[in-house]
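Comments concern the structure below.
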Amino acid sequence: MIEKEKVYEQTNAGSYVYDFMHNNIEYSIDATSHEEYLARYVNDSKYFPNAVMKKVLTEDRNPHLCLFALKEIKPNEEIVYFYGVDGLTLHAAELERKQEQIKESKVNDIFLII
């Protein structure tokens, strides 16, 4: 699949390829075609995921990736899960937001105690 990803990169098409391993075999899911695959609209969130990706095996032992909600997802709410890749640029901004929420919750806890 790496060859296809290189083509996407060269043509600025964006790459929406998800690679995973099962029984020492590498599988790739290519959701680059926006006409066919809605999975390309599921985004990454390390600190605020509302879904989780799990590998599910069918009766014939073929692997499938499935998204499961971690909480109720409202209509028009973006579906996000942690891709499992640390150090992405967007994680720094998310971490700041998470830390701000923690500070705010501690302030609220202090007011509740008094």
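Note that the structure is a prediction, hence the values are computed from the model and not measured.
- Side-chain contact between Lys46 and Tyr83 is absent, with no heavy-atom pair separated by less than 4.5 Å.
- Checked by atom type and distance alone, the side chain of Asn50 never pairs as donor or acceptor with a backbone atom of Lys71 at under 3.5 Å.
- Closest of all the heavy-atom pairs between Leu57 and Arg61 is CD1-NH2, 3.2 Å.
- Counting all heavy atoms, side chain and backbone alike, Ile79 lies closest to Leu67 at CG2-CD1, 4.3 Å.
- Lys55 is linked by a side-chain contact (heavy atoms from CB on, under 4.5 Å) to Phe20, His22, Pro63, Leu65, counting only residues two or more places apart in sequence or in another chain.
- Shown here are the side-chain contact (heavy atoms from CB on, under 4.5 Å) partners of Glu96, two or more places apart in sequence or in another chain: there are none.
- Residues satisfying the salt bridge (Lys or Arg N to Asp or Glu O under 4.0 Å) test with Glu59, not counting sequence neighbours, are none.
- Between the side chain of Asn43 and the backbone N or O of Tyr81 there is no donor-acceptor pair closer than 3.5 Å.
- At distances below 3.5 Å, at least one donor-acceptor pair connects side-chain atoms of Glu94 with backbone N or O atoms of Tyr47.
- In this structure, the side-chain contact (heavy atoms from CB on, under 4.5 Å) partners of Leu70, at least two apart in sequence or on a different chain, are Pro49, Val52.
- Here Lys74 pairs with nothing under the side-chain hydrogen bond (donor to acceptor under 3.5 Å, both in side chains) rule; sequence neighbours left out.
- Under the side-chain contact (heavy atoms from CB on, under 4.5 Å) criterion, Ile25 pairs with Tyr27, sequence neighbours left out.
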